[in-house]
Colleague: 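Sharing a structure with you now.
Chain identifiers are assigned alphabetically (A, B, ...) following the order of the sequence lines, protein sequences preceding nucleic acid strands; residue numbering begins at 1 within each chain.
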There are 2 protein chains.
Amino acid sequence: MAAAKQVNIAIIGAGGVGKCFLGQLETLAQRRPSPKLVLTYISTSKKAIYNSDYAAIAINDVSSKLASSSQAPLAPPKLIEYLKSSGSKTVLVDNTSSQDVADAYPLFLGNGISIVTPNKKAFSGSYELWQEIFSAAEQSGAKVYHESSVGAGLPVISTLNDLVNTGDEVTKIEGVFSGTMSFLFNSFAPTSGKGGQWSAEVRKAKELGYTEPDPRDDLNGLDVARKLTILARLAGLEVESPTSFPVQSLIPKELESVATGDEFLEKLPAFDSQMEETKAAAEKEGKVVRFVGSIDVASKQVKVGLEKFDLSHPIAALKGSDNIISFYTKRYGSNPLIIQGAGAGGEVTAMGVTSDLIKVLSQVA
Amino acid sequence: MAAAKQVNIAIIGAGGVGKCFLGQLETLAQRRPSPKLVLTYISTSKKAIYNSDYAAIAINDVSSKLASSSQAPLAPPKLIEYLKSSGSKTVLVDNTSSQDVADAYPLFLGNGISIVTPNKKAFSGSYELWQEIFSAAEQSGAKVYHESSVGAGLPVISTLNDLVNTGDEVTKIEGVFSGTMSFLFNSFAPTSGKGGQWSAEVRKAKELGYTEPDPRDDLNGLDVARKLTILARLAGLEVESPTSFPVQSLIPKELESVATGDEFLEKLPAFDSQMEETKAAAEKEGKVVRFVGSIDVASKQVKVGLEKFDLSHPIAALKGSDNIISFYTKRYGSNPLIIQGAGAGGEVTAMGVTSDLIKVLSQVA
């Protein structure tokens with residue numbers, strides 16, 4: 001039994017979320033003496049730190065040490081060999097958004113290495129990869145948790161899993177799944193007051209750091225489509241990919257192929273009238289427009305795009321860059337179970353990863 | 001290892017929540033072959049079913065069999081002896097609201113028997129009992145989960161635990177914690193329209209089955225105070241009991257001692273002007289009045305009573321008999337993490353118990 005009380009941690013990724021996670025891991029390791037957490041591997045895309053004798057890597061200054069390390073990252077097969085040879089239970093924390101790492105999940109899991117991650121790619125890629133991941137986990141008994149792949153630290157995935165696993169019938173899931181889209185529409189079409197010009201709001205969102213470097217990576221709706229893919233699959237739908245259902249892009253056709261995000265922002269004001277018309281049409285009905293994703297489980301319809309909402313609807317009343325997710329189920333009836341709050345940001349995303357890690361530790365240690 | 005793949009279930013209570021739980025347990029046992037769930041004991045306050053050879057009790061018709069059983073319930077020490085002698089891991093499901101059963105939790109837990117329950121009494125009684133429960137669990141390794149003790153199946157306890165365990169700093173918790181109070185104030189002081197007379201709304205709530213048999217058991221605020229006690233303790237405050245902080249009762253002093261709930265309802269209209277004044281005072285400020293509980297963690301202040309809210313505040317905009325719980329934390333900043341939905345009802349309460357059971361099974365099996 002004594003040997004089971006140590007769990008090794010391997011981390012891939014030390015960017016924004018990764019750095020926050022390291023801080024939370026350090027606190028966790030200090031507060032919880034059992035199981036003893038031993039960091040045995042950490043890598044970025046270019047550097048790595050690991051010891052052939054599995055000596056613990058100190059967490060507190062690992063970010064700075066990574067920069068000066070002369071070790072290169074191990075490719076998944078080599079990394080698995082290294083981690084397995086330790087003889088201890090290991091949890092891999094993937095804090096990247098890398099498709100390559102995601103593609104290796106079945107291999108890690110099949111070799112008994114549990115995974116916690118905010119990486120959407122593994123769960124929103126091909127349905128084949130999804131099946132491989134969960135069947136590898138089931139066969140080996142390794143765990144895979146990904147709370148932060150939707151809504152960051154908000155309890156979205158765990159709540160949906162609880163509903164499904166206890167036998168409730170989820171009929172519909174609807175919500176605002178993008179902090180960027182939330183901010184844009186809460187400013188562009190507020191429930192009270194006039195709201196700004198569309199292109200000006202996009203520029204402001206970029207300046208505040210709420211968008212990707214090229215705002216088109218938010219406006220194309222793919223990020224929301226990936227999250228919807230994950231939730232739909234958990235609700236039991238065999239969604240083939242995030243491009244296998246209707247996703248409305250807010251990028252004007254004429255600007256899809258301009259070279260840079262800056263050029264896009266310069267040319268966007270010429271298309272403001274389109275969004276202004278959409279907003280005015282909603283106002284005529286006493287409503288506001290919002291960018292939402294929805295899953296109708298019975299009819300198997302998943303879609304992402306603009307919808308109109310009454311001013312008193314919780315989706316209309318959202319603030320700042322908050323997410324909101326409503327679960328309509330048989331048990332909850334006409335009033336859905338609602339989760340709301342910040343759905344992006346380093347600390348809250350890392351929180352979802354850390355709470356997943358605590359759940360895995362309670363099961364494997 | 002083969003022996004570890006069976007988990008025995010013992011159930012106390014087969015009332016409203018208990019019956020719904022039995023249905024969910026039957027589905028769970030069918031869907032999940034591992035671990036094998038074996039019902040070895042079930043009791044009401046007067047009857048019990050158990051077999052000296054631990055033969056599985058069929059779940060599907062247990063409610064009807066209980067009524068005609070000639071076995072009496074075992075007192076906690078005898079029950080523990082019976083359950084321990086099976087040699088299998090056992091989870092006790094307490095679907096009562098009994099203080100006597102709650103008082104025996106440390107004994108069950110100390111003997112390695114895990115507990116899942118919606119029973120508020122164990123966690124909102126004396127602080128001494130709280131400490132005994134969690135130290136007994138820690139020493140034996142048995143688990144104790146009580147999601148449905150606040151907000152029924154809503155993920156309130158698990159979310160608060162995740163925030164605390166990952167190192168976030170919870171600064172304030174605020175919300176509507178009673179389905180009865182929610183219904184009463186959403187009807188009495190709606191955000192649009194005039195609303196009904198206070199005494200008429202109380203009568204209506206009773207007729208719809210939203211109140212206890214004697215509505216004063218809701219109006220005295222104690223149910224909300226118990227939930228606040230639980231959340232405050234989880235947030236780190238050493239709250240002595242649910243009567244150790246200010247709780248506003250909505251029972252007019254003159255009606256505290258009338259004999260029956262019916263007599264109370266007959267005499268309540270004479271006191272409508274008091275509530276009408278409170279409502280009018282809020283309206284003058286453009287607000288509505290709601291019955292809320294709040295915990296200010298820094299100043300260690302817990303209180304339950306009437307508060308005024310802007311019409312656009314999520315607490316004001318609540319519908320039907322929904323609960324809403326807002327967690328203000330360091331990581332989430334000015335916009336809280338919000339959980340909202342039905343916080344009472346047999347199926348959703350049982351759902352919290354069943355999802356807790358699944359969590360315990362993943363750890364003990």
Side-chain angles (χ1 to χ4, degrees), chain A residues 20 23-28 30-32 143 147 153-155 158-159 161-163 165-168 191-192 311-314 317-322 324 326-327 329-342 345-348 350-359 362-363 365, chain B residues 20 23-28 30-32 143 147 153-155 158-159 161-163 165-168 191-192 311-314 317-322 324 326-327 329-342 345-348 350-359 362-363 365:
Chain A
C20 293
Q24 294 181 20
L25 179 66
E26 192 181 356
T27 308
L28 182 69
Q30 285 164 357
R31 285 193 189 178
R32 295 203 166 197
K143 311 297 169 193
E147 182 64 77
L154 298 175
S158 54
T159 298
N161 277 332
D162 283 348
L163 290 165
N165 291 337
T166 61
D168 200 356
T191 51
S192 64
L311 300 184
S312 67
H313 195 287
L318 211 57
K319 284 178 184 155
S321 59
D322 276 4
I324 183 168
S326 302
F327 295 101
T329 82
K330 195 176 165 195
R331 283 185 199 139
Y332 279 92
S334 54
N335 285 359
L337 189 171
I338 299 175
I339 313 270
Q340 183 179 328
E347 285 293 348
V348 294
M351 171 196 152
V353 180
T354 307
S355 64
D356 279 351
L357 175 61
I358 293 171
K359 282 166 197 154
S362 74
Q363 294 174 61
Chain B
C20 293
Q24 293 181 21
L25 179 65
E26 193 181 356
T27 308
L28 183 69
Q30 285 164 356
R31 284 194 189 177
R32 294 203 164 196
K143 312 296 171 194
E147 182 64 75
L154 298 175
S158 54
T159 297
N161 277 332
D162 282 349
L163 290 166
N165 291 337
T166 62
D168 200 355
T191 50
S192 64
L311 301 185
S312 67
H313 194 288
L318 210 57
K319 283 178 186 154
S321 60
D322 276 4
I324 183 168
S326 302
F327 295 102
T329 82
K330 193 174 167 197
R331 284 186 198 138
Y332 278 91
S334 54
N335 285 359
L337 190 170
I338 298 175
I339 314 269
Q340 185 180 326
E347 285 292 348
V348 296
M351 173 196 149
V353 180
T354 307
S355 65
D356 279 351
L357 175 62
I358 294 171
K359 282 166 196 153
S362 74
Q363 293 174 61

Colleague: Measuring heavy-atom distances to chain A, does Leu337(B) have an atom under 4.5 Å in its side chain, in its backbone, in both, or in neither?
Modeller: both

Colleague: Are side-chain heavy atoms of Ile338(B) and Ile338(A) found at a separation under 4.5 Å?
Modeller: no

Colleague: Tell me, side chain or backbone of Leu154(A) under 4.5 Å from chain B's heavy atoms, or both, or neither?
Modeller: both

Colleague: Do you know which of Gln363(A), Arg331(A), Lys359(A) has the most heavy-atom pairs under 4.5 Å to chain B?
Modeller: Arg331(A)

Colleague: Please state whether the side chain, the backbone, both or neither of Asp162(B) comes within less than 4.5 Å of a heavy atom of chain A.
Modeller: both

Colleague: Tell me, side chain or backbone of Asn165(A) under 4.5 Å from chain B's heavy atoms, or both, or neither?
Modeller: both

Colleague: Measure the NZ-OG distance between Lys319(B) and Ser334(A) for me, rounded to the nearest 0.5 Å.
Modeller: 9.5 Å

Colleague: Below 4.5 Å from any heavy atom of chain A, which atoms of Leu311(B) appear? Answer side chain, backbone, both or neither.
Modeller: neither

Colleague: Under a 4.5 Å cutoff for heavy-atom pairs, which residue among Leu357(B), Thr27(B), Val348(B) has the most contacts with chain A?
Modeller: Val348(B)

Colleague: Just jot down the side-chain hydrogen bond (donor to acceptor under 3.5 Å, both in side chains) partners of Ser355(B), sequence neighbours excluded, or say none.
Modeller: none

Colleague: Counting only heavy atoms closer than 4.5 Å, note whether Leu28(B) contacts chain A via side chain, backbone, both or neither.
Modeller: side chain

Colleague: Just to verify, what does Gln24(A) make a side-chain hydrogen bond (donor to acceptor under 3.5 Å, both in side chains) with, not counting sequence neighbours?
Modeller: Glu347(A), Thr354(A)

Colleague: Can you check side chain to side chain contact (heavy atoms under 4.5 Å, CB included) on Met351(B) and Leu163(A), steps first, answer last?
Modeller: CA-CA 8 Å; Met351(B) 173 196 149; Leu163(A) 290 165; 3.5 Å; yes

Colleague: Which residue out of Ser158(B), Ser362(B), Gly167(B) racks up the most heavy-atom pairs below 4.5 Å with chain A?
Modeller: Ser362(B)

Colleague: Under a 4.5 Å heavy-atom cut-off, does chain A meet the side chain of Ala342(B), its backbone, both or neither?
Modeller: both

Colleague: Do Ile339(B) and Pro155(A) have side chains that approach each other closer than 4.5 Å (heavy atoms only, starting at C-beta)?
Modeller: yes

